[in-house]
Amino acid sequence: MPRSVEKRFLAIVGGTVFVCIVPLFILLLAVSSERASAQLENTVSLLLTANAQALAKPLWDFDAESVKQITATIISNRDIVRVEVRDMTGDIDVAFPSIAPAHEDLTTLSRPIVYRHIEGPKEVGVIRVQFRKQGLFTELRRTDAIFMLIFMLAVGIIFAAALLGNRLMIMKPLLKLTAAIEATRRLGSRHSVDWDSQDEMGRLAQSFNAMQMQLQEEESELKHAHKLATDIYNFTPAMLFSVDHDDRITGVSDYWLLATGYRRENVIGLAFADLINAEAREAYRERKTRMDHHILGWECTTKFVCADGRVMDVLIVESSRAPQHGGGTLSLSVMTDVTALKQSEARNRRQAITDHLTGLMNRQGFEQTLQAQIEATDRDGGSLACLFVDLDRFKWINDNLGHHAGDMALRKLVDLILPILPQGAVAARIGGDEFAILLRSPKAEQTARTAAENICALFDEPFVVKGMATRLSASIGIALYPEHAETAEELLQKADMAMYNRKRDGKNGLRLFDDSIGSTARQRADIELITDQALENDWFDAFLQPIVDIGTGRVAGYEALMRLRHPTKGVLSPFDIINVAEETGAIHEVGKQVFGKALEHFTELSLISGDHSSYLALNLSPLQIDASLPVWLASAVHLFNLDPARIIIEITEATLLHDNPQIQMILSKIGQFGCRIALDDFGTGYSSLSYLSRFPVNIIKIDQSFTRAITAETEELRQRSRMLIEGIAAISHKMKCHVVAEGVETEVQRQELNAIGVDYGQGYLFDRPLSFEELRDRFLTEQSAKLRA
């Protein structure tokens, strides 16, 4: 260490001299040399000019002797190396010395020799001289050399003084400090530095001695803390243990030993995985291997074998720290006996996936099993068959004999089905009278067909419940994996679709899923079922979309729009539901529920908002316009104590297309009763202005396609749409009909419609269809804000 520090010190001082002093010295010599060179060249130039004048007369007179004398005088100058004089005729050519010097770095100057004749200047010859260039040390004088020697001696003295001071003031205390540190390292005890001075090294020694004292105190505190931590580790009533990076046990608490029955000397150094149950050991090792060591916490549940062979379900929570600065991994794990909790979870899991009525799996359990079987099939090969069984006419038992009888029938049916299923089959109750059966077989289709035929054969004889015989049957759908589906959900869905297809084709039989069973049929069956359930459980609702005065923004009325609030699927779109309901004839019951909800919501909103001038528009399908409609409207208006003028019946052009006298009579009765008629989607169908004269129409609703077109990209389309809307509005106003534009979505559209003269607008610019709760909360919020203001 001393040599290393001293060498670095010498290198710094020597480098400083070399970098700073030597360049300055060389610069001084260079400047001096350059100045001497310039001075010499100037002197030679003056000498050359003067002698050129002196040589003019001798050269004019061809006096060669005088030329030689003058030339000899010039060469006598110690700085001049060679002189050449030559006249213009070449007769006089004088050079001293006669042979030019070789291999010398010379500078040449020349001047023309001009004789001043009475007739004017005459060039009679040329003189050329060569002289040596000045080097760095050419002009160095004795005094300069002495000065440089003194300067170098001073630098040497300073260098020696710095080296001596470094050894006395820095190296000596550093050696003592090093000795103290080395003694501390070798002996393990704290040693101080014997150095006392008032400079920085003295303060360093004092700080080191103070640090040694503080470290001595902290070391004592750490020993005490370690003893305390060890006591806490052992006395804490929890199974604590530590493992190293290789998962070998490095420490266990006394409570861990007490709970597991092991002795400390028998488990220290043992791999923790060796204490895991053989069945769970590999899974534990895989989880331990996949553990992200950058994550501080890690936990897993496994089975631990105690010293007496007893197996515990344990939760292991490990907190570890990766090695830092070359240290080892720090680990602390807590092992908790969760055997009772695991047993309780197993019971709860069985209950969660079990149908309590039949003892079979429920839908959740079946889906889990189905997913596991699909994974096993992907792994081991083979195929699966899923049977979806729905009982036909089972509802009759519940309706006529009671739900208790229905439960007895389901249990009896399960007792009959289970014995005829192939070995390894899994059965589950999916819904009220719906069952699913899962078969895994190399010939899954054949096995499934046989099982389905056996189930259908059970219903060949009357089914006796509570002493009453009833005829039941089963519609069974079959889907195969992987032929028909890629996932568990899709397989169950395809089997369900095949079952519904069998039920629509006459029930009582089986159907294997194929491509002919499209999604449309499945969707229609779902919609039929959902519609029936909605009518039975009062799921239909009416959302209200505000109709706004185009100019003022005031709400003039609301259009009631059907929505179905499904308990699990949420709010469903009405389009497909209305189409299917019209096909099945359920549209009448759907309309009554929706209109009843709409009138109820409208009445309550009128009371909350205090608005008794707005109207409610009800959309009618052509099938709903029958003789009972005026009577129903009269009773509904009376029930809700509404002004009939606030009720608007919306019909489409298709309703008027057939020109049915009965429809005309019914609409006339509605108009006479005081309700108003609105013609919806005007301009898109078979528009005829005669409708406005032959039917009691009060409101014309312009289709939203025209509204969108007035802001179309092409100018021609915008102009045409604007002209059409202007024409419709003008004629409607002449017929004393109000005009409502549908599908208003932008402020530009609103401004255009307002300029045209359209009365009202409806669309997302003003509001979307809202539930009663949303409208109610909005009004209450506005009223609360007004009161606070």
* Using 4.0 Å as the upper bound for N to carboxylate O, is an ion pair formed by Arg768 and Glu774? -> yes
* Does any non-hydrogen side-chain atom of Thr336 lie less than 4.5 Å from one of Met239? -> no
* Considering residues, nucleotides and ligands other than Arg720, do more than 12 of their heavy atoms fall under 6.0 Å from its CZ? -> no
* Asked: Taking the side chain from Arg750 and the backbone from Leu765, do they hold a donor-acceptor pair closer than 3.5 Å?
  -> no
* **From Ile550, Ile702, Ile725, residue fulfilling side-chain contact (heavy atoms from CB on, under 4.5 Å) relative to Ile756** => Ile725
* To do: Kindly write out the residues that satisfy side-chain contact (heavy atoms from CB on, under 4.5 Å) with Glu713, not counting sequence neighbours, or none if the list is empty.
  => none
* Structure fact -> Rounding to 0.5 Å, atoms CD1 (Ile316) and CZ (Arg287) come to a distance of 9.5 Å
* For the side chain of Gln719 and the backbone of Glu715, is there at least one donor-acceptor N/O pair under 3.5 Å apart? -> no
* Asked: Sub-3.5 Å donor-acceptor pair from the side chain of Arg86 to the main-chain atoms of Ile127, do we have one?
  -> no
* **Heavy-atom donor-acceptor pair, Asn51 side chain to Leu47 backbone, under 3.5 Å** => yes
* **Any donor-acceptor pair under 3.5 Å from Gln545 side chain to Asp767 backbone** => yes
* Asked: Mind checking what makes side-chain contact (heavy atoms from CB on, under 4.5 Å) contact with Gln69, not counting sequence neighbours?
  -> Glu65
* To do: Give the C-alpha distance, both sets of side-chain angles, the deciding distance and a yes or no for salt bridge (charged side-chain N to carboxylate O under 4.0 Å, His left out) between Asp274 and Arg285.
  => CA-CA 10 Å; Asp274 293 341; Arg285 284 173 173 164; 3.5 Å; yes
* Asked: Is the closest side-chain heavy-atom distance between Val124 and Val114 below 4.5 Å?
  -> no
* Can a donor-acceptor pair be found between the side chains of Ser45 and Arg111 at a distance below 3.5 Å? -> yes
* Within a radius of less than 6.0 Å around OH of Tyr255, do more than 12 heavy atoms belonging to other residues, nucleotides or ligands occur? -> no
* Asked: So, Asp244 side chain and Asp247 main chain: donor-acceptor pair closer than 3.5 Å or not?
  -> yes
* To do: Using the six-membered ring wherever Trp is involved, compare the ring planes of Phe272 and Tyr284 and label them parallel, tilted or perpendicular (cut-offs 30° and 60°).
  => tilted
* Asked: Taking everything shown except Met211 itself, do over 12 heavy atoms lie less than 6.0 Å from its CE?
  -> yes
* **Arg722/Glu726 under salt bridge (charged side-chain N to carboxylate O under 4.0 Å, His left out): CA gap, chis, key distance, verdict** => CA-CA 6 Å; Arg722 183 182 177 92; Glu726 287 177 349; 3.2 Å; yes
* **Arg116 atom CZ, over 12 foreign heavy atoms within 6.0 Å** => no
* Would you say the side-chain atoms of Arg128 pair up with the backbone N or O of Ser110, donor to acceptor, closer than 3.5 Å? -> no
* Asked: Which residues pass the side-chain contact (heavy atoms from CB on, under 4.5 Å) test with Glu486, sequence neighbours left out?
  -> Glu490
* **Pair Gln749-Thr707, side-chain hydrogen bond (donor to acceptor under 3.5 Å, both in side chains): steps then yes or no** => CA-CA 7 Å; Gln749 292 172 350; Thr707 302; over 6 Å; no
* Asked: Which atom names give the shortest non-hydrogen contact between Ser721 and Ala709, and what distance separates them?
  -> OG-CB, 2.8 Å
* **Closest heavy-atom pair and its distance - Gly551, Asn754** => CA-OD1, 3.8 Å
* To do: Begin with the C-alpha distance, continue with both residues' side-chain angles, and end with the deciding distance and a verdict on side chain to side chain contact (heavy atoms under 4.5 Å, CB included) for Leu270 and Arg248.
  => CA-CA 5 Å; Leu270 191 66; Arg248 296 189 176 276; 5.9 Å; no
* Audit row: Leu240, Trp256, side chain to side chain contact (heavy atoms under 4.5 Å, CB included) steps and yes/no -> CA-CA 6 Å; Leu240 305 179; Trp256 189 93; 5.9 Å; no
* At what distance, to the nearest 0.5 angstrom, does OH of Tyr764 lie from CD of Gln704? -> 10.0 Å
* **Whether Arg281 side chain and Ala273 backbone form a donor-acceptor pair below 3.5 Å** => yes
* Enter the distance from Leu717:CG to Phe706:CZ here, rounded to the nearest 0.5 Å. => 10.0 Å
* In this structure, are over 12 heavy atoms from other groups packed under 6.0 Å from Glu716 atom CD? -> no
* Determine, step by step, whether Phe96 and Arg82 satisfy the side chain to side chain contact (heavy atoms under 4.5 Å, CB included) criterion, reporting the C-alpha distance in whole Å, the side-chain angles of both residues, the deciding distance to 0.1 Å, and the verdict. => CA-CA 6 Å; Phe96 289 100; Arg82 179 178 172 82; over 6 Å; no
* Flag the pair Glu742 and Arg708 as a salt bridge only when some basic side-chain nitrogen lies within less than 4.0 angstrom of an acidic carboxylate oxygen. => no
* Asked: Charged N to carboxylate O under 4.0 angstrom, Asp246 versus Lys288?
  -> no
* Glu123, CD: over 12 other non-hydrogen atoms inside 6.0 angstrom -> yes
* **Audit row: Asp87, Phe62, side chain to side chain contact (heavy atoms under 4.5 Å, CB included) steps and yes/no** => CA-CA 9 Å; Asp87 71 345; Phe62 292 99; 3.6 Å; yes
